[in-house]
Each structure stands twice: as structure tokens, then as C-alpha cells.
Number of protein chains: 2
Amino acid sequence: MSGNGGDRGRVATIFDVARVAGVSHQTVSRVLNDLPNVRPATRERVVEAIAELRYVPSQAARALVTRRSRTIGLVATGLPDFGPASTVRAVNESARDAGYAVITMSLAGAEVPSLRSAAEMLIRQAVEAIVLVVDERAALRAFDGWELGVPLVAVASANRDRALRVAIDQYRGARAAVSHLLDLGHRDIRHIAGPAGSMDAEERLRGWQESLVEAEAPLTEPLRGDWSPDSGFRAGQRLLADGVPGAVFVASDQMAVGLLHALATAGLRVPEDVSVVGFDDIPEAAHLSPPLTTLRQDFVGLGQDAMAAVLAILQDDQSPRYPEPRLPQLILRSSTRPV
Amino acid sequence: MSGNGGDRGRVATIFDVARVAGVSHQTVSRVLNDLPNVRPATRERVVEAIAELRYVPSQAARALVTRRSRTIGLVATGLPDFGPASTVRAVNESARDAGYAVITMSLAGAEVPSLRSAAEMLIRQAVEAIVLVVDERAALRAFDGWELGVPLVAVASANRDRALRVAIDQYRGARAAVSHLLDLGHRDIRHIAGPAGSMDAEERLRGWQESLVEAEAPLTEPLRGDWSPDSGFRAGQRLLADGVPGAVFVASDQMAVGLLHALATAGLRVPEDVSVVGFDDIPEAAHLSPPLTTLRQDFVGLGQDAMAAVLAILQDDQSPRYPEPRLPQLILRSSTRPV
DNA sequence: GGGTGGGGATCGGGGAGCAAG
DNA sequence: ACTTGCTCCCCGATCCCCACC
């Protein structure tokens, strides 16, 4: 059912188009590249010939001579969670709008060797830039002092870094979460953090700590999860072993799902017994029991920022300025209440 | 801080490597392509020269002459939900293991024009095959009778189709869900389906209907959602307007989250008043209240099947056989109970 | 002088043919 | 027989120079 088109696999070249259109290959090239000095009628004939032959210019040949692949690379680590997946998607769409194709390398872990080999594979594919969507600080370090030969844009919330970087301000988001609880009169606010080594987790943890210190509220040991609901559940159980806190700031909505489960299992009500604030605003957040108060992140905007940065570098080659981090937005629902 | 390596942008070619290694470019090429008849000592010198010059073969030049880009295309539609995102990820990893780079085109909608232009962009990039990760039947039809020139593998659950296709058996999964409820003694089993036009939704709907018919249980009008928790919540409200059913089979866990919310809001308990079965087994499912009984799909295995099919075609060029659809697995938790 | 054609170099490798160590 | 080098063409575009109308 799949006729080979009869051409025995041979595809049309620019010369075939020229012959059919009755012009020179030179003129076809002018049309292809939108160069001036082509009479409309001539252009028309060329366009028709292209359609008739179903001619597709060889990207390889063009890339060879122009030294531009019209392609960028994307390295993503971790699980395909809602946030990163949305950001990756947005980078993809923005890139396409700008005429770039995106080659994606997704890695389960963030080991330096696999990161490097992924990047090398991208370099071999002649990508013009690489976008990193990573959360692990170690993943970023894999690129430290490594001259790739192409610009690198990191989507990462490291608080100090010389590399070009776009981010959402996790620190201020966390402060907003804790402020909200403080404003409600809570003092014993515990924290379920993300995994050690996660830049987002560290920034949120720092925001939580500093807010408590400034408010002179008691500082406790944070619990650790790995972003998964399972880990949130287990952290919740460990947390309850220390007694019932007035409020918990959870570093992600997914972990909050697990925490809510642990609280319910222990016979505790939210928000009557415990107030809970999450982070991310995943689509499920509004429908948990109770609906979760959380911090919304603009993952799509983040991806767009990343691609905008890439385009800026590709054009000017200078300008190490990057956009201000976006601010998460507090979404009030029903999982918190005054003391 | 980004020294240009001193080479003024010029990169090493195969001839540079040959000169440094003191051999001919011919020999370098032999080494690069693992051809026989190269003395180990010579190979060694070449490898060293490559490392010293940080030489990277030009993929463009190689593709030009070999007519192989070592690249495959991936078109994905819809939101970056857990299932599709996991599958896409798995395709990426399997491809990398096989030495292929993946160019991804993600589309929010599934309109024919954007699908076609995405595919054309992939063709221009000279991909050797295209993988479709789509749910909308219309998206599949955009490729009907269109001779792309490259093999196409669809990850889609259409029940009748001549294209090469890998899938999870949605129909049988739905039957397992309904059987479970039937076995518990339920007779009035309602269904919250996915959006019209979704192949997965149609298959699950069909499984629900046929199971009920065979069991001579009452058939009702299914509700419709769009996979989102919000839509599940609204469908739940509409459903309750008809009265309280004994059980509900929801076409996705995400929508089940919304349904649980609607039921709780109405003062109904799960499973005491209503039994609920979901579909997908998202990571949150085990921690909802109550923990959700659902059908687990092997999204990663699905992605691997897709890539395996691609490789099979790329090698053989024949063999329109494809793997048997995988079966979803019933995961029993606490959202169902006997009448 | 705007529109067009012809010829040829070039990009960076793959590979054939043949000679030679 | 095995290993290696040389020379030259090829892939399919871009682009430059120059001529022509």
C-alpha cells in the first residue's frame, strides 16, 4: 500500500526543479532563499515546479555550506513531571515558531558521563545552541568549564551562576508561601523539601528558613522527599512522629498529595488541624481534598524565556543579560486557615 | 569567559586529523566507520589525534553522502500529561540507545494543517522515520494517503487501521475495569468518558458498553470530559444530577480526581456510597482519598515498542507486522467495594 | 540596471580504483 | 594477503564572478 512514488528512491534536486521550471539552478536558489531580483512570474514558475516535483531541499547540503543547521538541542533530566514537561513543550513550540527544530535528549538520572555524552551527541548533530532543563545542581556542573562551542542556556534556579540562565524565582515563591501561613498566625511551620541536590528544592528550603528566622518562629529540621507522591506520604508519616504541626509547607504539589494522604490516614483534618501549602499548581491541585493552596509557576512562560534567550544569543552573540526570574503566584484555596 | 579555543571558529576536519596522526584521510575514515583492515597501532594514533583536536565529524557532510541522517522525527499532540510524556520520553531514550537523535514537534491541538506542516518540517530535516504519539483520530487521518517518503509508526489505539501501529489495548482494559465492578455485584455502572474524537476514549467507552450489554446491566448515557481534573469534576456534578450511581468507571485518573472531589462535595463517600475505577495509574493514584483502584498502562514499554518498530522497518524495509498490544493491569486499591 | 544564466569553487566527508610497501 | 596512501569524483546545496539581454 506504500508505492515508492516510482522514483526508485531518487529525490528531486535543485537542478531538476530548474529544468522543469525552465530556469537556472541559480534562480531556483534565489527563490528558495527569498532573495530579491526575481520577477514575480519567474518565481511563480519555480514555485510550481517545486510543488510538482514535491521537491524538498536537502537540509544536509544546505547545512554543510551555510554552517547553520537550524536546529537546537535540549537536554532534560528527571521524570516527565508536569512542570518540566510543560517547559520542554513550550521550548519546542517557541523553537518551531522561530524556524528551529529541536533535538531532545532526555535522561533519567543526572550523571555527569551521560550528560556529557548526550551533549556530545547534540554537538555531532551540529545544533546551534543547547538548552538545559535540569533541576540537579550536579547536572549544571557537568558543563562547568567545558567549552562546547555552542551557546548554552540553562533553565535552572541556581542562585549564583555565571552561565546564561532563565528561571522562576523559587526563593521568593517559598517566602510567599510561608508569609501566607505566618499571616494566618501560624508559628510552627514545617517543611517537606525536595531532594538534596535539587536547585529548586534548595531555593525553596532557603526561602522557608529565612522567612522563619526573620519572623523569629521556631526553626525545625526539614523532611526530604524526591518530588513523588509516595515520598510525600512517607515524609508525612515521619513528620507526624514528631507531633502534629500547625502548618506544613510542601515543596511540590505532588508531594502534597502524599502528605494529605498521610494526614487523613492519621485522622487529621486539613485545614482544621493542619494547614498545608504546596508548590507548582498542578492541574489536580484544585480538586484534592481539600483543594490545595499553592504557588503557581508559569512553566510555559519559562520555556518561552529560554527560547527567547537562545534567539538573542544566536543573533547578537553578545549580551549576557537574561530576563528577570518570573514570580510564582499564590493561589488561595482551602487547605489553609487561621490558627 | 568563553575563549573561542583560539581557532577562530574553524573546526577540525578529517584532513586535520589525518595530518596530525600522520596517516591519510582514507585511514581516518576507516577508523571512524569501524572498517576492518586497520592495524591496531594505526587506529590508536588516529584515535589520539581525534581526541587531541577534539574532532567531531560533520553530521551534515556525512548525511549528505550516506543519505542517512541518523535522526527520527516525533510528533506529539495534546497536553503534556503523564502518559504521553512518559511514552515520548521512552521513545527518546530507546532512540538514543540505538544511535538515533530525535527531533520532536509538539502541537497543542491536532489540526490537520499544523500536523502537516510539522511533518513537513521533519521531512526537511531528513528524518529517517516519523513516530506519531497522538490520541485524536483526526490526527491520524491527517496522514492518510499521504506519501511521506519515510516510514510512519503510530502510537495509537485505533481498532482498525492499516498503518504500522503500536498500542495498549484500551478496550480490554476497560472490560477489566467493568468486570471488576460487575464481580463486586454492581449493576448501575456509569462512565465518564474522554473527549469525542479521542481513540483511547472511544475504545474505553466501547469496552464499558459491551461489558454492560453482555452482563445485561442497564446501559446509560456516558458523560464526557476532556481528560482534565476540572472536566472530571464537572462531569461528576452532571452525573449526580441523575441520581447517585452505585459505581463509576472513569476514563482517566486525572478525571477521577475531579470526580472524587465532586462526590466529596456532595457528601458522598467512596467506596461506601459509590465505587470508582480510574485508568492510567498516575503516581498520585495511590494517595488520593481514597486510594484509587485503576488500570495501569505501561507507557514506557509502549515507547520502547514504538522505537523497536522503527528500527525493524529501517532494517528490513518490509514486515508490516507489529507487536501485540500490551494489556493494562488492574491495580486494586480502596475505591471500590461490594454492593 | 534589474533580471537571469553559466560555470565553477566550496562545504566535509564517503568511497572507488589503483599502486605500493 | 593485509595495510596504507593517492587521486579523483560524488552527495546537494550556496554563492561568487561574469556575461547577456
Side-chain angles (χ1 to χ4, degrees), chain A residues 7-47 49-50 53-71 99 123-128 149, chain B residues 7-50 53-71 123-128 149:
Chain A
D7 284 70
R8 270 262 155 265
R10 235 191 107 304
V11 274
T13 74
I14 199 172
F15 293 95
D16 299 323
V17 175
R19 190 169 25 73
V20 170
V23 300
S24 71
H25 79 281
Q26 188 59 282
T27 301
V28 177
S29 180
R30 287 178 179 126
V31 170
L32 287 175
N33 297 290
D34 272 317
L35 296 180
N37 296 349
V38 177
R39 202 183 308 154
T42 311
R43 163 167 274 123
E44 184 63 24
R45 273 162 45 220
V46 171
V47 170
I50 288 176
L53 296 176
R54 309 183 87 237
Y55 165 71
V56 177
S58 157
Q59 179 59 36
R62 170 179 275 159
L64 186 56
V65 57
T66 61
R67 298 164 172 291
R68 302 207 49 192
S69 64
R70 304 298 290 177
T71 287
I123 296 293
R124 251 193 304 278
Q125 291 287 341
V127 298
E128 295 180 28
Chain B
D7 285 72
R8 270 263 156 261
R10 236 189 110 301
V11 274
T13 75
I14 198 171
F15 294 95
D16 299 323
V17 175
R19 190 169 26 73
V20 171
V23 299
S24 73
H25 83 278
Q26 189 60 279
T27 301
V28 177
S29 180
R30 286 176 180 131
V31 171
L32 285 175
N33 297 290
D34 272 317
L35 295 181
N37 297 347
V38 177
R39 200 183 309 152
T42 311
R43 162 168 275 121
E44 184 63 25
R45 275 169 34 226
V46 171
V47 170
E48 276 169 18
I50 289 176
L53 295 176
R54 311 183 84 236
Y55 165 70
V56 177
S58 157
Q59 180 59 36
R62 172 179 272 157
L64 185 56
V65 58
T66 62
R67 299 161 172 291
R68 302 207 50 191
S69 64
R70 304 297 293 176
T71 287
I123 295 293
R124 250 192 305 277
Q125 292 287 340
V127 298
E128 295 180 29

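Protein chains get the first letters and strands the later ones, always in sequence-line order, with residue 1 at the start of each.
Across all non-hydrogen atoms, the minimal contact from A/Leu35 to A/Arg43 is O-NH2, 3.4 Å.
C/dG5 atom C1' lies 12 Å from atom CZ of A/Phe15, rounded to whole Å. Rounded to a whole Å, the CZ atom of B/Arg43 is 13 Å from the C1' atom of D/dT4. Between the CD atom of B/Gln125 and the P atom of D/dG12 there is a distance of 17 Å, rounded to whole Å. In this structure, A/Arg68 places its CZ atom 19 Å from P of C/dC11, rounding to the nearest Å. We find that CZ of B/Arg70 is positioned 17 Å from P of C/dG13, with the value rounded to whole Å. For the pair A/Leu64 CG and C/dA9 P, the interatomic distance rounds to 17 Å; values are reported in whole Å. As rounded to whole Å, 12 Å separates atom C1' of C/dG12 from atom CD of B/Gln59.
Side chains of A/Thr71 and B/Gln125 form a contact here, defined as non-hydrogen atoms less than 4.5 Å apart. No side-chain heavy atom of B/Asp16 sits less than 4.5 Å from a side-chain heavy atom of B/Val11.
A/Thr27 contributes atom OG1, which lies 9.0 Å from atom CZ of A/Arg45 (distance to the nearest 0.5 angstrom).
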Problem - Full working for side-chain contact (heavy atoms from CB on, under 4.5 Å) between A/Leu32 and A/Ile14 - result: CA-CA 10 Å; A/Leu32 287 175; A/Ile14 199 172; 4.0 Å; yes
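Taking a 4.0 Å limit (strictly below) on heavy-atom distances, residues 30-42 of chain A reaches DNA chain D at A/Asn33.
Dashed line: the shortest gap from a side-chain N or O of B/Ser58 to OP1 or OP2 of C/dG12 is not under 4.0 Å. Between B/Arg62 and C/dG13, a side-chain N or O to OP1/OP2 separation shorter than 4.0 Å is absent. Taking only side-chain nitrogens and oxygens, B/Arg67 comes nearer than 4.0 Å to OP1 or OP2 of D/dG12. OP1 or OP2 of D/dG5 lies within a sub-4.0 Å distance of a side-chain N or O belonging to B/Thr27. Between B/Ser29 and C/dG14 there is a side-chain polar atom (N or O) within less than 4.0 angstrom of OP1 or OP2.
Listed nucleotides: C/dG12, D/dA13, D/dG5. Nearest to the side chain of A/Ile14: D/dA13.
If you check every strand for non-hydrogen atoms under 4.0 Å, B/Val28 touches nothing.
Salt-bridge annotation for B/Glu128 and B/Arg68: present, with a side-chain N of the basic residue lying under 4.0 Å from a carboxylate O of the acidic one.
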Listed pairs under 3.5 Å, donor-acceptor, residues 55-65 of chain A side chains, sequence neighbours left out:
unit_1: A/Ser58; atom_1: OG; unit_2: A/Ala60; atom_2: N; d: 3.4
unit_1: A/Ser58; atom_1: OG; unit_2: A/Ala61; atom_2: N; d: 3.0
unit_1: A/Gln59; atom_1: NE2; unit_2: A/Ser69; atom_2: O; d: 3.2

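Side chain B/His25 to base C/dG15: a donor-acceptor pair is found below 3.5 Å.
Nearer the 5' end of DNA chain D, as judged by each residue's closest nucleotide, is the contact made by B/Gln26, out of A/Ala61 and B/Gln26.
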